[in-house]
Amino acid sequence: DVKVTQSSRYLVKRTGEKVFLECVQDMDHENMFWYRQDPGLGLRLIYFSYDVKMKEKGDIPEGYSVSREKKERFSLILESASTNQTSMYLCASSYPGTGGKQNIQYFGAGTRLSVL
Amino acid sequence: GQNIDQPTEMTATEGAIVQINCTYQTSGFNGLFWYQQHAGEAPTFLSYNVLDGLEEKGRFSSFLSRSKGYSYLLLKELQMKDSASYLCAEDTGRRALTFGSGTRLQVQP
């Protein structure tokens, strides 16, 4: 079974703090993703990575950065947390694939971040 | 999610059949996924369609019409544990999927 592990289920931070959200997958997947999930807005892509040290902006990258130093680990960084970044953050991974079922994404359980 | 539409909420009765619809943009279409997400949990993969027609998997089936940009998820013999959000997601060939906002299904006794 694919396992995607996010380091924290719940996190409370203060405005202006630097926040690290960690994600590890154990299936040797090339692709890794960070989404945020908000009521009524669904999952929105923040950043994704298709290889070590490679990254691409998603639909809402502002205020975030990412790091992929090792294939199995993808970190989301909030340089200076703000209250509008309070959300559920979901990490996912998938095989490289050119389409089809290869693009099935496997999700972690999520990190609920509150910024006060 | 942009360009993907699905109803926000649905209610159905235990033992019944429910159909959850999804419309998506047709340009760059590369496949359509359905995920199930229970409250507070990770989304889990349910089904994948890339060709027109019905894919059946036990109590769950998914249908696709590429020309209409339309899919539905059919749940039969509803059980209380089917109460969850159902997410429609489109593969447009850019590695990442584009998700709809999800349909929250409430199954009542």
Side-chain angles (χ1 to χ4, degrees), chain A residues 1-6 9-10 23 25 27 29-51 54-61 66 68 74 88-112, chain B residues 1-10 20 22-25 27-52 55 57 60 62 64 66 73 84-105:
Chain A
D1 267 0
V2 176
K3 196 164 181 190
V4 181
T5 305
Q6 294 184 229
R9 288 301 303 269
Y10 301 94
C23 176
Q25 50 93 3
M27 281 300 292
H29 284 169
E30 305 280 342
N31 298 331
M32 294 188 75
F33 309 86
W34 275 106
Y35 295 90
R36 62 178 284 177
Q37 186 174 33
D38 301 289
L41 297 176
L43 272 77
R44 292 180 292 165
L45 181 68
I46 303 171
Y47 266 98
F48 69 97
S49 168
Y50 51 89
D51 203 349
M54 305 303 286
K55 62 186 178 186
E56 276 196 34
K57 292 180 180 179
D59 300 317
I60 51 164
V66 290
R68 185 120 181 249
F74 192 35
M88 171 69 90
Y89 289 87
L90 288 163
C91 174
S93 70
S94 71
Y95 289 106
T98 54
K101 276 192 171 176
Q102 295 274 50
N103 279 4
I104 294 173
Q105 292 189 13
Y106 299 89
F107 285 84
T111 296
R112 187 165 292 282
Chain B
Q2 56 191 84
N3 301 320
I4 294 187
D5 286 313
Q6 51 181 133
T8 306
E9 287 192 26
M10 297 183 74
I20 302 173
C22 170
T23 57
Y24 61 90
Q25 67 170 15
S27 63
F29 177 78
N30 216 29
L32 198 290
F33 293 81
W34 283 96
Y35 281 80
Q36 180 190 58
Q37 185 180 23
H38 285 101
E41 296 183 15
T44 54
F45 169 75
L46 281 180
S47 70
Y48 170 76
N49 295 73
V50 67
L51 300 176
D52 285 353
E55 293 276 343
K57 202 191 283 185
F60 291 10
S62 56
L64 180 71
R66 292 178 64 136
L73 181 69
S85 288
Y86 292 86
L87 313 178
C88 175
E90 182 184 0
D91 180 357
T92 56
R94 64 161 192 165
R95 289 193 182 91
L97 302 179
T98 301
F99 283 83
S101 301
T103 299
R104 201 160 118 191
L105 174 66

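Below, read A as the first sequence line, B as the second, and so on, with proteins coming before strands; counting in each chain starts at 1. Hydrogens, waters and symmetry mates are skipped; everything else that's a heavy atom, side chains included, is used.
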Report task. Could you tell me the separation between the CG atom of A/D59 and the OG1 atom of B/T98, rounded to the nearest 0.5 Å? Result -> 6.5 Å
Report summary line: All heavy atoms of A/I104 vs all of B/Y35, minimum pair found to be C-OH, 3.8 Å
Report task. Please look at A/R112 and chain B and tell me whether the side chain, the backbone, both or neither of the residue comes under 4.5 angstrom of a heavy atom of that chain. Result -> neither
Query raised in the report: Of the non-hydrogen atoms in B/S101 and A/G40, which two are nearest, and what is the gap between them?
Result: OG-O, 3.4 Å
Query raised in the report: Do you know the tightest heavy-atom contact between A/L90 and B/Q37?
Result: CD1-NE2, 4.1 Å
Query raised in the report: Non-hydrogen atoms of chain B under 4.5 Å away: do they reach the side chain of A/Q6, the backbone, both or neither?
Result: neither
Query raised in the report: Within a strict 4.5 Å, meaning less than it, do heavy atoms of the A/N103 and B/F33 side chains meet?
Result: yes
Requested in this report: Might you point out which heavy atoms bring A/G108 and B/A42 nearest each other, and give the distance in Å?
Outcome: O-CB, 2.9 Å
